[in-house]
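Right, one structure below, let's go through it.
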Amino acid sequence: MNRPLNFINTLLVVLFLTAGQGFAQVLNQKDSIILSAMQEELENNMQNLREDGFDQPFFIGYSVSDLDLKLASASFGALVSSKSTQNRDWNSRVMVGSYQLNDENFTDSFEGSSNDVYYENVPIGADYWGLRRVLWASTNNVYKRAARLFKQKRKAISDFKLEYPLSDFSQTPKYTYLDKAQSRLTSQEELERRSQELSGYIAGFDSIQTATAILTDIGARNYYYNSEGTKVIENGQVTIGLLTISRVNGKNEVETTSLDYFGVGLAAFPSIETIKQDIDWQVKHMEQSSSIEKLKEDYNGPVMLRGQAVADFFRANLFKAGKGILPNRKSFNNKNEESARQFFDDLEEDMTDEDKVKIGNKQMKVTMLNKLSEFEGIQLIGAYEIDADGVVPPEELVLIEGGMIRQKINGRVPAPYAPTSTGSNRFSIAIGSVSNLIAPGVIKVDFENKVSEAELVASFNERILENDAEEGVVIEMPPLHSMSRPRQYFLQQVTDGSRRQVKKASFGYTRKNSLKKIIAVSEEYYVYNFLYGGNQYGGANAGVPVSLIVPAAIVLRDSDVSKVNYKSKKLDTIVPQPGMAQE
Amino acid sequence: MKKNLIQLLLLLSVGFAHAQTDDPLIGIVKEELQREMDYLSKEEYPPYYLAYTVDDYVFYQLYTSKGSVISENRDKGRIMSCQLKVGSFELDNTRDVSGYGSYYSGGNSVTIPMENDAMAIKQFMWSLTDKAYKKARDQYKTVLNSDLGEKKQIGDFSKGEKNQYVAPFISDPTVFDQESWKDFLQKITASIREVEDLIAGDAYLNVANERKYLITNEGSEIVQNFPRFEIYISASVLAEDKTEVPLYLSYYGVEEKDLPSKEKITADVEALKENLEKLKRAPKADPYTGPAIFSADVSGVFFHEIFGHRMEGHRLKYESDGQTFKDKLGEDVLPKYLSVISDPTMEKFQDIRLTGFYRYDDEGVRARKVALVTDGKLSNFLMSRTPMEHFSNSNGHGRSQSGLTPVSRQSNLIIRSTQNNSMEDLKKRLIKLCKKQKKPYGYLFKSVTGGFTNTDRYSTNSFNITPTEVYRIYTDGRQELIRGVDVIGTPLAMFSEISATGSEYKTFFGYCGAESGSIPVTATAPAILVNKIETQKKPSFEINLPLLPTPQER
């Protein structure tokens with residue numbers, strides 16, 4: 001008997017069984033039912049769905065998202081609203097044609113309206129037939145429109161004798177990703193307690209007019225299945241907090257500010273004590289703001305950005321469709337041959353004109369590192385495994401090098417400098433819905449020649465002196481833990497580095513060639529975690545978690561900071577506020 | 001001793017009752033109301049009326065479709081609104097100076113804390129009142145600067161009553177066997193799937209309570225509970241001509257025990273399924289004029305739309321309104337055998353609880369039974385605190401949805417007849433009329449979803465009633481189900497055509513929508529025979545079912 005071989009065979013069998021069982025164990029009953037419904041309905045449509053006179057689908061993809069939401073809001077320490085809801089969102093994508101040419105990226109200028117849509121209600125829960133009915137109806141609706149669009153598109157290309165320079169849909173390998181972890185939402189009682197405690201804390205300060213706290217915990221379980229066989233179950237969670245504070249200052253003006261927080265689950269959410277520290281800071285700042293001088297005149301000169309101001313700067317300039325790292329694929333229409341030809345000429349130019357991709361300082365390099373979960377001890381919430389199309393992003397991808405765009409991030413619809421998917425079509429969670437968004441995960445901005453803090457300041461001062469000035473503008477954010485922070489503007493002296501704060505100033509982050517104006521970059525880094533895109537939710541955006549790793553400070557040459565005039569709202573209530581001294 | 005014991009027991013019971021209805025929210029609102037009035041009364045244009053309403057609600061809603069649960073929601077909260085008037089009862093900020101000839105102030109509301117935290121609630125009240133005062137003050141200034149005309153103006157707001165009524169707290173109606181109802185409604189809607197060519201098969205359960213508060217500067221403190229337990233079932237099929245044909249069932253109750261048994265509902269759904277199958281194949285009717293019977297259900301809707309809305313007094317004040325009956329007091333507007341009352345004090349009709357019941361209206365006026373038509377003669381209108389010519393006081397019909405300003409609205413409309421004809425008798429009379437008018441058939445309208453009407457002068461003062469089950473009754477007595485018609489007409493012409501009524505009464509339950517929002521109402525009436533009605537075709541559009549058969553059919 002060949003013991004080692006038998007042993008190895010036995011081991012392999014055990015491993016195989018374990019893997020199979022592990023696979024089966026990942027899917028609980030609900031997951032199995034939902035995926036089965038998606039798979040079986042999709043297969044039936046791929047095999048049988050076809051309307052006479054039209055092509056059949058070549059691709060179908062279904063997304064189903066189960067959302068759990070818990071919300072509590074409080075004002076002046078009293079609970080105003082507390083609710084827990086569950087709902088389901090879904091999407092059907094049906095394409096007619098081929099990967100090279102299909103119904104998408106096209107607008108039919110002569111498309112008429114149609115009552116030819118039939119709907120089914122989407123059930124919640126593990127309802128196999130209910131879910132199949134919904135997908136059956138929506139696939140029908142989407143298919144009919146796609147088939148008509150494709151027919152018109154193909155005709156336009158033929159009639160106008162156009163050459164199609166860029167395919168409509170990229171191919172990606174089949175993939176299976178089944179996340180067994182389940183979101184654990186905060187208890188309703190805990191959300192209520194925190195919102196009451198925080199709003200009550202705000203109300204404890206003097207002259208407070210508004211003291212509200214809204215806490216929301218949203219969990220999403222996303223299911224995706226497509227006709228290529230890709231199967232994905234993914235969890236998402238975002239906990240959002242929004243605090244609104246308004247108070248009356250010494251001049252009887254009402255000042256309002258907000259603090260927004262998020263975390264992926266409450267464990268990652270700032271603690272109550274941390275948030276209270278932020279509240280302390282905000283209220284104190286509001287109390288002192290009347291003593292801050294205004295920016296007297298418009299400024300043009302070097303500007304130093306620090307911390308989150310640097311992150312905001314790169315976010316504003318990089319996360320732009322077309323000119324930044326986001327793709328821009330427009331649709332052409334069949335209105336007339338001239339406009340169609342012009343469209344394709346423009347598209348060719350976008351794909352080949354190098355001047356259009358020289359966007360930054362020649363030392364600048366931007367890399368996508370979507371699998372990086374930690375940097376210098378700080379957790380990166382933007383790291384993720386797989387996108388909404390079932391595409392796994394690469395570990396590392398250079399997007400910009402030498403100041404030039406090499407590759408943009410993208411989903412499966414090719415675009416100039418984004419011919420294939422980079423696994424960047426991400427689930428974006430909002431209140432009551434889930435959508436898709438092309439968004440980065442972890443982005444690192446780097447420069448070849450970084451300098452020390454002293455050298456950075458020296459470079460800044462040198463530029464100020466070249467302008468025959470004595471001071472320059474420094475922009476940074478206060479030491480708060482909220483996602484959005486107000487910009488603080490300082491005039492910093494060349495002579496001794498002292499500075500004074502000014503208000504009523506505005507700096508435009510996205511002026512022309514902003515990225516080319518960087519003249520000095522610090523050697524230290526700053527990490528910024530935030531929610532990108534998504535639906536507006538007061539001041540805190542639900543959306544996609546993103547992490548930016550940027551230099552801790554940069555200096556820009558010849559930049560404009562304008563003075564702004566805005567009038568603060570005067571308190572003009574007739575009856576004194578309840579509990580106020582003048583009562 | 002015995003007397004003392006009785007007195008002691010009475011005292012204890014009163015005390016106990018008082019403890020049960022001790023409601024801290026009342027004290028909080030009163031305090032802030034007084035504080036607001038103390039300050040605002042010193043203004044150049046002080047308010048003369050200030051009232052706060054709070055709608056403290058809790059609800060549970062379940063929606064099922066074709067055996068699936070589509071949504072299940074629970075929520076609770078409080079909405080507060082503020083009514084504030086500047087000027088005087090004779091002339092205030094609500095005086096119409098627009099030239100359009102009508103006025104409706106809309107609403108002014110905010111969500112307030114669910115807890116009885118005095119300071120927190122007062123913050124909201126303060127902000128709400130400030131907005132309400134400034135709006136009313138500015139409106140009043142406009143009124144003062146406007147040409148009010150030489151015609152003698154009726155006052156803008158009638159004197160109110162000082163009423164005190166605080167209903168005890170009731171147990172949360174959303175605590176019931178939800179799983180059992182969920183299971184039942186899923187089964188019911190799953191069974192509807194048996195109908196061929198089904199489009200929709202839905203059931204909706206709504207369980208709620210609204211604890212409504214009204215506190216005014218006139219000293220009224222009124223708190224009432226309005227619980228409800230309602231089920232709506234709707235189903236539709238695709239007819240042979242590819243149009244959708246719907247049928248509905250609805251059950252209204254104040255509590256769960258008011259609803260019919262699940263066995264009864266199941267039987268009703270089976271009947272609905274059979275009717276759907278028949279309706280699918282029923283011929284579509286063309287526009288028609290001729291005699292018709294409105295069943296008791298339909299008759300209630302008929303009177304609600306054609307008559308009831310024209311009895312709502314606040315509109316009759318304005319020149320933009322059609323004022324159909326304004327100058328007809330004391331005149332015959334209906335056959336002498338008909339009388340009409342509006343009675344919000346009626347809790348039940350033939351053991352059925354009426355959802356239009358209330359003790360005090362939304363302006364704090366005690367609910368009253370109002371005789372609108374007595375033996376055919378018009379005798380009254382439904383009044384809120386907006387006075388009109390010859391009617392200077394409210395009769396307890398000022399109503400509104402939470403957050404909106406009350407206006408005069410209907411409650412429980414009761415149409416009584418001294419006639420006593422059976423349905424067979426009515427059918428015989430119908431046939432006689434057909435022969436007289438040389439019509440091959442007349443109509444029987446058996447059930448209806450609702451209707452609507454226009455009462456202003458800028459559009460045709462007509463009505464439209466939307467029946468769902470309609471039969472032709474031929475002169476040989478045959479009955480044929482048809483589909484695709486709505487009943488239309490104008491009120492005065494229609495009333496003059498009523499020629500007989502039935503003996504059996506039915507109550508139609510529903511929610512009426514008008515300026516002051518959606519409110520629960522009922523209309524109880526006998527069947528009526530009308531000499532001549534008119535129908536038009538129902539709006540419809542073609543529905544194409546998906547290319548592939550429904551998944552469950554494969």
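Every chain is numbered from 1 and lettered A, B, ... according to where its sequence line falls, protein lines coming before strand lines. Just so you know, these numbers come straight off a predicted model, no measurement behind them.
- Under the 3.5 Å distance criterion, the side-chain polar atoms of B:Gln123 are matched with a main-chain donor or acceptor of A:Pro578.
- Put simply, the side chain of B:Asn544 does not reach to within 4.5 Å of the side chain of A:Tyr118, judged on heavy atoms.
- Side chain to side chain, A:Arg132 and B:Gln552 fail the donor-acceptor criterion of an N or O pair below 3.5 Å.
- In terms of non-hydrogen atom pairs under 4.5 Å with chain B, the most contact-rich of A:Leu135, A:Thr85, A:Thr210, A:Leu49 is A:Leu49.
- Interatomic distance, CG of B:Asp130 versus CG of A:Asp572, reported as 6.5 Å (0.5 Å rounding).
- No part of B:Ile121 comes within reach of chain A, as not one of its non-hydrogen atoms sits under 4.5 angstrom from that chain.
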Problem - Worked check of side chain to side chain contact (heavy atoms under 4.5 Å, CB included) between B:Thr129 and A:Val575 - result: CA-CA 9 Å; B:Thr129 312; A:Val575 176; over 6 Å; no

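- Within 6.0 Å of atom CD in B:Glu196, 12 or fewer heavy atoms from other residues, nucleotides or ligands are found, so the atom counts as exposed in its surroundings.
- Note that the CG atom of A:Asn87 and the CD1 atom of B:Ile70 stand 12.0 Å from one another [nearest 0.5 Å].
- Side chains of A:Lys83 and B:Asn73 form no contact here, defined as non-hydrogen atoms less than 4.5 Å apart.
- With respect to chain B, the highest number of heavy-atom pairs below 4.5 Å among A:Val122, A:Asp127, A:Ile124 belongs to A:Ile124.
- Inter-residue side-chain proximity for A:Gln209 and B:Trp126 is flagged as met; some heavy-atom pair is nearer than 4.5 Å.
- For a residue to count as touching a neighbouring chain, one of its non-hydrogen atoms must lie under 4.5 Å from one of that chain's; by this rule B:Asp202 touches chain A with the side chain only.
- To the nearest 0.5 Å, atom CD of residue A:Gln47 and atom CG of residue B:Leu548 are 10.5 Å apart.
- Looking at B:Met119, only its side chain comes within 4.5 Å of chain A, counting heavy atoms on both sides.
- Atom NZ of A:Lys569 has 12 or fewer neighbouring heavy atoms from other residues, nucleotides or ligands inside a 6.0 Å radius.
- Heavy-atom pairs under 4.5 Å with chain A were tallied for B:Thr64, B:Asp38, B:Asp75; the largest tally goes to B:Asp75.
- B:Arg137 has its side chain within reach of A:Ile574: a pair of non-hydrogen atoms, C-beta onward, lies under 4.5 Å apart.
- For the side-chain contact (heavy atoms from CB on, under 4.5 Å) with B:Pro546, the qualifying choice from A:Thr139, A:Asn140, A:Asn141 is A:Asn140, the only one to do so.
- Summarising the local packing, NZ of B:Lys30 is surrounded by 12 or fewer heavy atoms from other residues, nucleotides or ligands at distances under 6.0 Å.
- Crowding of A:Arg145 atom CZ: a count of heavy atoms from other residues, nucleotides or ligands under 6.0 Å not exceeding 12.
- For the pair A:Asn121/B:Tyr63, a side-chain contact is recorded, criterion being any heavy-atom separation below 4.5 Å from C-beta on.
- Comparing B:Ile112, B:Val69, B:Asp117 by heavy-atom pairs within less than 4.5 Å of chain A, the highest count is held by B:Val69.
- No more than 12 heavy atoms of other residues, nucleotides or ligands lie within 6.0 Å of NZ in B:Lys76, so this atom counts as exposed by the packing criterion.
- Heavy atoms closer than 4.5 Å to chain A are found in the side chain of B:Lys134, but not in its backbone.
- Residues A:Glu192 and B:Met114 fail the side-chain proximity criterion, which asks for heavy atoms closer than 4.5 Å.
- Taken from OG in B:Ser68 to CD in A:Glu120, the straight-line distance is 8.5 Å, to the nearest 0.5 Å.
- When heavy atoms are compared at a cutoff of 4.5 Å, A:Tyr119 does not approach chain B at all.
- At distances below 3.5 Å, at least one donor-acceptor pair connects side-chain atoms of A:Trp136 with backbone N or O atoms of B:Pro549.
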